[in-house]
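Working notes, structure below.
Quick note on labels: first sequence line is chain A, next is B, and so on, each numbered from 1. Computed over heavy atoms, backbone and side chain alike; hydrogens, waters and symmetry mates excluded.
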Amino acid sequence: MPELPEVETTVRGLETPLLGHRLKRVETRRADLRRPFPVDLRQRMTGATVTGLGRRAKYGLIETDRGDVMIFHLGMSGRWRIDPSEIGMHDHLVLETDAGRTLALCDPRRFGSVDLVRKDELPDFAPFKALGPEPLGPGLTGAYLAGALEGRAAPIKAMLLDQRIVAGLGNIYVCEALHMTGIAPPTPAGRIARKRLDRLVESIREVLGAAIEAGGSTLRDYARPDGELGYFAKQWLVYGREGEACRCGAPVLRRVDGGRSTFYCAKCQK
DNA sequence: CATGTGCCCTGGAAGC
DNA sequence: TGCTTCCAGGGCACAT
């Protein structure tokens with residue numbers, strides 16, 4: 001379930017096996033995910049040493065001493081398997097380090113992607129060009145949101161999922177943040193009072209922060225035999241809880257907008 | 001430009 | 001048990 005917190009946790013989990021290590025083997029096991037793997041991926045990554053790991057929105061970044069950055073997106077079903085007992089049919093990219101560790105990018109639905117760009121050309125990487133501010137960074141403020149949403153008639157839920165407004169929010173945490181703030185998902189984005197936007201920003205930070213913390217705990221025990229990164233504990237208040245009681249006692253409802261489920265409480269969210 | 005819709009792909013869960 | 005249907009964390013192309 002890769003949203004921003006899981007990508008962040010994944011990137012942190014890659015530090016130990018990758019940071020400072022030389023890649024002695026880089027193998028793609030098919031030609032593409034959402035789009036083709038870079039044709040020179042193997043050539044440019046083999047023999048390179050990983051000098052840094054990072055994240056931008058829901059993209060993970062792996063930097064090498066050659067000035068390259070491998071950018072991965074986990075799509076809907078992607079995850080890195082660490083030291084898998086065997087390589088499976090959905091392990092589409094496999095890295096082996098000088099320490100003998102194996103990392104497999106597993107993505108059954110193949111909605112993910114892998115790109116390779118020069119570090120100094122990162123700002124020109126097309127998918128990054130239009131991204132809005134990081135939700136956990138200094139760029140996301142009530143004032144910024146007020147400006148970005150001014151005059152917009154679209155539902156606040158759709159606006160928060162738009163990566164050009166805020167980069168990295170996904171369906172789960174948008175539902176959770178709107179619930180925490182008490183804003184109804186269909187509310188026209190441009191008509192939300194500034195004060196509520198301030199609180200929305202706080203909720204976004206709180207919800208993401210808690211999820212990253214939970215992911216961190218998951219990470220600490222992820223050294224299970226299969227070495228897989230685990231899933232986050234499902235501690236959501238509305239997401240995936242249709243029919244259950246909200247904290248207020250009213251039922252959690254589900255509606256579908258643009259083909260995606262929205263979970264909310266009609267009593268808490270106005 | 002702003003907004004809404006459909007599709008990419010597979011597997012797991014629920015329904016019958 | 002076995003078959004069918006529904007559903008899913010994202011992003012993008014395309015129509016209006």
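When atom types are taken as modelled, the side chain of A:Arg205 and the backbone of A:Pro135 share a donor-acceptor pair closer than 3.5 angstrom. For A:Glu134 (side chain) and A:Leu140 (main-chain N/O), no donor-acceptor pair under 3.5 Å exists by modelled atom type.
Listed by residue number, the members of residues 151-171 of chain A with any heavy atom below 4.0 angstrom from DNA chain C are A:Gln163, A:Gly170, A:Asn171. Within a heavy-atom distance below 4.0 Å of DNA chain B, no residue of residues 175-191 of chain A is found.
Checking the phosphate oxygens (OP1, OP2) of C:dG11, no side-chain nitrogen or oxygen of A:Arg34 falls inside 4.0 Å. The shortest distance between the side-chain N/O atoms of A:Tyr239 and the OP1/OP2 oxygens of C:dG9 is below 4.0 Å. The phosphate of C:dG9 (OP1 or OP2) has no side-chain N or O of A:Lys58 nearer than 4.0 angstrom. Dashed line: the shortest gap from a side-chain N or O of A:His73 to OP1 or OP2 of C:dG10 is not under 4.0 Å.
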Verdict with reasoning, A:Arg42 to A:Asp40, per salt bridge (charged side-chain N to carboxylate O under 4.0 Å, His left out) = CA-CA 6 Å; A:Arg42 178 206 285 248; A:Asp40 53 357; over 6 Å; no

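Every residue meeting the ring-ring contact (aromatic ring centres under 6.0 Å, His included) condition with A:Tyr59, not counting sequence neighbours, appears here in chain and number order: A:His73, A:Phe128. Scored by the side chain to side chain contact (heavy atoms under 4.5 Å, CB included) test, A:Leu253 finds A:Pro251, A:Tyr264, A:Ala266 as partners (sequence neighbours excluded). Take A:Tyr144 and apply the ring-ring contact (aromatic ring centres under 6.0 Å, His included) test, not counting sequence neighbours, and it matches no residue.
Atom P of nucleotide B:dT5 and atom CZ of A:Arg260 are separated by 14 Å, given to the nearest angstrom.
Listed by first then second residue, pairs satisfying side-chain hydrogen bond (donor to acceptor under 3.5 Å, both in side chains) with a partner in residues 184-195 of chain A read A:Arg194-A:Asp198, not counting sequence neighbours. For residues 61-77 of chain A, every residue pair satisfying the salt bridge (charged side-chain N to carboxylate O under 4.0 Å, His left out) rule, not counting sequence neighbours, is listed here: A:Arg44-A:Asp68, A:Glu63-A:Lys119, A:Asp68-A:Arg118. Note on residues 164-189 of chain A: pairs passing salt bridge (charged side-chain N to carboxylate O under 4.0 Å, His left out), not counting sequence neighbours, are A:Asp162-A:Arg164.
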Taking only nitrogen or oxygen atoms into account, show me every contact under 3.5 Å that the protein makes with nucleotides 9-11 of chain B, one pair per line with its distance.
unit_1	atom_1	unit_2	atom_2	d
B:dC9	O3'	A:Arg110	NH2	3.4
B:dC9	O2	A:Arg109	NE	2.8
B:dT10	OP1	A:Arg110	NH1	3.1
B:dG11	OP1	A:His90	NE2	2.7

Could you list all N or O pairs between the protein and nucleotides 14-16 of chain B that sit under 3.5 Å apart?
none

Under 3.5 Å, which N/O atoms of the protein pair with N/O atoms of nucleotides 14-16 of chain C?
none

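At the heavy-atom level, A:Ser113 lies nowhere under 4.0 Å from the strands shown. At a threshold of 4.0 angstrom between heavy atoms, the contacts of A:Arg35 with the nucleic acid are absent.
In this structure, a donor-acceptor pair under 3.5 Å is absent between the side chains of A:Arg22 and A:Thr49.
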Pair pattern of DNA chain C in dot-bracket, where unpaired bases get dots and | marks partners in another strand, Watson-Crick or G-U under 3.5 angstrom = .|||||||.|||||||

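Annotation: A:Trp236 is not in aromatic contact with A:Phe263 [ring centroid separation under 6.0 Å not met].
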